[in-house]
Amino acid sequence: MQYNQEADRTANRQVKNALELAVHDAALALDEAQLAQGNIVFDQVQARDNFNQSLVNNLELKSFSNKFFEPEVDSYYQDEFEVERIEFLDDSNATFPMDYNNNQYNIVERVNGPSIVAVLSTKSPRYFRGEGINIRKAVVYEYFK
């Protein structure tokens, strides 16, 4: 039981940290033509690629769609990961500051500039008897002007 609880704590921490890194990496992909005009607009295709690659690298996963990932053989995890939501708020579709509210995931956040919202879920690994807990982490990453 103690080992399972430690696995839950470790998985929660690692998933949160990996998600924060992934949204940061996604935020590096900006539309340069818009940037030249003084607007921060995410290049969503490149941002999503950066996001996915960051998850793959930091959690030892392999992507089998733009939404689902499965663990590599030597990964700490045993169950697939799902990107439940990724949303880009930037100068093309929002005005700042704004109050972001997502009732489905209970996310309420005041954002002052372009941001990326992401929700990632999986199950905590189990190496002993018992079923892993569901882990769902959400991050709102704000790109400051």
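Atom set for the values below is all heavy atoms of this structure, side chains included, hydrogens, waters and symmetry mates excluded. The structure displayed is predicted, hence computed values, not measured ones.
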Aromatic plane relationship, Tyr143 with Phe42 - under 30° parallel, 30 to 60° tilted, over 60° perpendicular: perpendicular

Answer yes if Leu28 and Val140 sit in the same cluster of Ile, Leu, Val, Met, Phe, Trp and Tyr residues linked by side chain heavy atoms under 4.5 Å apart, and no otherwise. no

What's the spacing between Gln14 CD and Ser124 OG if we round to 0.5 Å? 10.0 Å

Do Val111 and Ile107 share a hydrophobic cluster (ILVMFWY, side-chain heavy atoms under 4.5 Å, transitive)? yes

Same apolar cluster (I L V M F W Y, side chains within < 4.5 Å links), Val108/Val139: no

Measure the CG-CD1 distance between Asp8 and Ile133 for me, rounded to the nearest 0.5 Å. 4.0 Å

If hydrophobic clusters are built by linking Ile, Leu, Val, Met, Phe, Trp and Tyr wherever their side-chain heavy atoms come under 4.5 Å apart, do Ile135 and Tyr76 end up in the same one? yes

Rounded distance (nearest 0.5 Å) linking atom CD1 of Ile40 with atom CG of Asp31: 11.5 Å

Smallest heavy-atom separation, Leu59 atom then Ala18 atom, equals CG-CB, 3.6 Å

Sole candidate of Arg136, Glu80, Glu84 that passes side-chain hydrogen bond (donor to acceptor under 3.5 Å, both in side chains) when paired with Ser121: Glu84

Tell me whether Lys123 is salt-bridged to Glu131, with the criterion being a basic N under 4.0 Å from an acidic carboxylate O. yes

In Å, rounded to the nearest 0.5 Å, how long is the span from CG of Asn52 to CG of Asn57? 11.0 Å

Check: Ala11 main-chain N/O paired with Lys16 side-chain donor or acceptor under 3.5 Å: no

Determine the minimum heavy-atom distance between Arg48 and Phe88, stating which atoms define it. N-CZ, 4.5 Å

Just jot down the salt bridge (Lys or Arg N to Asp or Glu O under 4.0 Å) partners of Arg13, sequence neighbours excluded, or say none. none

Quick one, Val15 and Phe81 - any side-chain contact, counting heavy atoms below 4.5 Å? yes

So which heavy atom on Val23 is nearest to which on Glu20, and how close? CG2-O, 3.4 Å

Where the side chain of Ser115 meets the backbone of Gly113, is there a donor-acceptor pair that is under 3.5 Å apart? yes

Rounded distance (nearest 0.5 Å) linking atom CG of Leu19 with atom CZ of Phe51: 5.5 Å

Any side-chain to backbone donor/acceptor pair from Asn50 onto Asp25? Under 3.5 Å, distance only. yes

Would you name the heavy atoms of Ala29 and Ala47 that are closest together and state the gap between them? CB-N, 3.4 Å

Run the side chain to side chain contact (heavy atoms under 4.5 Å, CB included) check on Asn102 and Val117 step by step: do they pass? CA-CA 10 Å; Asn102 183 307; Val117 179; 5.9 Å; no

Minimum-distance pair of heavy atoms, taken over all atoms of Gln78 and Pro125: OE1-CA, 3.7 Å

Sequence neighbours left out, what pairs pass salt bridge (charged side-chain N to carboxylate O under 4.0 Å, His left out) with at least one residue falling in residues 49-70? Lys62-Glu70, Lys67-Glu82

How close do Asp91 and Pro114 get, counting heavy atoms only, and between which atoms? OD1-CG, 4.2 Å

Are Val56 and Val83 connected into the same hydrophobic cluster when the rule is that any two of I, L, V, M, F, W, Y join if their side-chain heavy atoms are below 4.5 Å apart? yes

What distance separates Glu142 CD from Asn112 CG, expressed to the nearest 0.5 Å? 5.0 Å

